[in-house]
Chemist: 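Next up is a structure, given as structure tokens.
Per chain, numbering begins at 1; letters A, B, ... match sequence-line order. Quick caveat: nothing in here was measured; it's all calculated off a predicted structure.
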Amino acid sequence: MDPLKIHFEVDGEDFSSAGEASVEMKKKLRQLGIPADVIRRCSIAMYEGEINMVIHAHGGTADVEVYPDRIVIILEDHGPGIPDIDLAMQEGYSTANDRIHNMGFGAGMGLPNMKRYTEDMTVESTVGVGTKVTMTVKL
Amino acid sequence: MKISEIKNLLDAETLCCDEELDSEVESAFCCDMMSDVLAFASSHSVLITGLLNPQVVRTAMMLDMKCIIFVCGKSPTPEIVSLARENGIVVLVTGHYMFAASGLLYNSGKLSGV
């Protein structure tokens with residue numbers, strides 16, 4: 001069965017609007033009658049990913065696929081890439097600057113949070129080309 | 001605990017969603033780091049923070065929080081208040097610092113920390 005697909009463009013120019021795609025996804029999942037706990041986990045994971053795309057990669061795209069048994073979130077950007085993915089996955093590791101810290105992010109919890117709230121997460125990244133994060137939350 | 005009781009206890013001002021002051025909340029989380037809120041706070045908590053930007057409201061929205069308390073008498077921008085209003089989140093401002101505000105709420109015995 002083909003999944004229900006929702007596509008979002010994530011604007012990388014404006015930090016204050018970061019998170020709008022996650023809010024929109026949350027509303028759509030609610031309309032679809034997805035359980036509250038699943039919506040919460042999808043929302044947090046996508047929101048962290050969206051923030052990452054805005055602060056590190058000048059934005060990107062988010063594609064959400066709703067299957068009968070799972071939700072898959074694919075985040076893709078054409079930013080600088082992640083040189084060492086294992087290091088980036090460590091809680092507390094961050095390359096964010098003070099401007100980002102002052103906004104309440106950049107504590108090195110983004111990728112770990114995304115992993116924490118999803119059943120499966122893969123990060124593919126090439127330096128100078130971009131990053132693709134695929135996350136699955138089971139229904 | 002009703003949000004109205006929190007408002008009275010903290011001698012706080014309401015900036016939006018007065019109509020939600022009768023809503024009940026069970027827990028509170030205080031933090032300026034939004035990723036920590038996303039990692040550790042429970043849904044439907046009250047968020048106590050000194051951080052002023054729209055991401056505070058979006059973080060609260062992700063966790064279905066009903067109320068944000070800004071401490072140290074800090075005034076959120078109209079953009080922040082308007083985003084909270086659109087989403088039915090009560091915004092309170094208290095002159096207490098974060099430690100004192102959290103202590104007062106903790107001492108009430110009516111809110112859990114998780």
Chemist: Can you say whether A/Tyr47 sits under 4.5 Å from chain B via the side chain, the backbone, both, or neither, judging by heavy atoms?
Modeler: side chain
Chemist: With a 6.0 Å cut-off (strictly less than), is the heavy-atom count around CD of A/Glu124, excluding the residue itself, greater than 12?
Modeler: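 Above 12, so yes.
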Chemist: Any chain of hydrophobic side-chain contacts (each under 4.5 Å) joining B/Leu63 to B/Ile6?
Modeler: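 As far as the 4.5 Å side-chain criterion goes, B/Ile6 and B/Leu63 are not connected within one cluster.
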Chemist: Answer yes if B/Leu52 and B/Leu92 sit in the same cluster of Ile, Leu, Val, Met, Phe, Trp and Tyr residues linked by side chain heavy atoms under 4.5 Å apart, and no otherwise.
Modeler: no
Chemist: Hydrophobic cluster membership, with links at side-chain heavy-atom distances under 4.5 Å among I/L/V/M/F/W/Y: are A/Val10 and B/Met61 in one?
Modeler: yes
Chemist: Would you please go through residues 29-46 of chain A and name the residues with a non-hydrogen atom below 4.5 Å from one of chain B, in numerical order?
Modeler: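 Contacts with chain B: A/Arg30, A/Arg40, A/Ser43, A/Ile44.
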Chemist: For the residue pair A/Tyr117 and B/Phe40, what are the closest heavy atoms and their distance?
Modeler: OH-N, 4.5 Å
Chemist: Is the count of non-hydrogen atoms from other residues, nucleotides or ligands lying under 6.0 Å from B/Tyr106 atom OH greater than 12?
Modeler: no
Chemist: Which heavy-atom pair separates B/Ser35 from A/Glu48 by the least distance, and what is that distance?
Modeler: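 Of all heavy-atom pairs spanning B/Ser35 and A/Glu48, the closest is OG-OE2, 3.0 Å.
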Chemist: Heavy-atom cut-off 4.5 Å, strictly under: side chain, backbone, both or neither for B/Leu51 against chain A?
Modeler: side chain
Chemist: Treating Ile, Leu, Val, Met, Phe, Trp and Tyr as nodes and any side-chain heavy-atom pair under 4.5 angstrom as an edge, say whether B/Met65 and B/Met33 lie in one connected cluster.
Modeler: no
Chemist: Shortest non-hydrogen contact from B/Met62 to A/Ser22?
Modeler: CE-CB, 3.5 Å
Chemist: If you group Ile, Leu, Val, Met, Phe, Trp and Tyr by side-chain heavy-atom gaps below 4.5 Å, do A/Leu4 and A/Ile73 land in one group?
Modeler: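 Shared cluster, yes.
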Chemist: What salt bridge (charged side-chain N to carboxylate O under 4.0 Å, His left out) pairs are there with at least one residue in residues 1-18 of chain A, not counting sequence neighbours?
Modeler: none
Chemist: With heavy-atom distances below 4.5 Å as the criterion, would you say the side chains of B/Val37 and A/Met109 are in contact?
Modeler: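 No, their side chains stay 4.5 Å or more apart.
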Chemist: In Å, rounded to the nearest 0.5 Å, how long is the span from CG of B/Leu83 to CD of A/Glu20?
Modeler: 8.0 Å
Chemist: With only heavy atoms counted, which part of B/Thr59 is less than 4.5 Å from chain A, the side chain, the backbone, both or neither?
Modeler: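 Both the backbone and the side chain of B/Thr59 come within 4.5 Å of chain A.
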Chemist: Should B/Gln55 and A/Phe15 be marked as a side chain to side chain contact (heavy atoms under 4.5 Å, CB included) after you check the CA-CA gap, both sets of side-chain angles, and the distance that decides it?
Modeler: CA-CA 9 Å; B/Gln55 300 312 332; A/Phe15 179 80; 3.3 Å; yes
Chemist: Quick one: what part of B/Asp32 sits under 4.5 Å from any heavy atom of chain A, side chain, backbone, both or neither?
Modeler: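 For B/Asp32, backbone heavy atoms alone lie under 4.5 Å from chain A.
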Chemist: Just wondering, do B/Met34 and A/Ile51 contact through their side chains at under 4.5 Å, heavy atoms?
Modeler: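 Of all side-chain heavy-atom pairs linking B/Met34 with A/Ile51, none is under 4.5 Å.
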Chemist: Using a cut-off of under 4.5 Å on heavy-atom pairs, state which of B/Ile80, B/Asn87, B/Asp36, B/Asn53 scores highest against chain A.
Modeler: B/Asn53
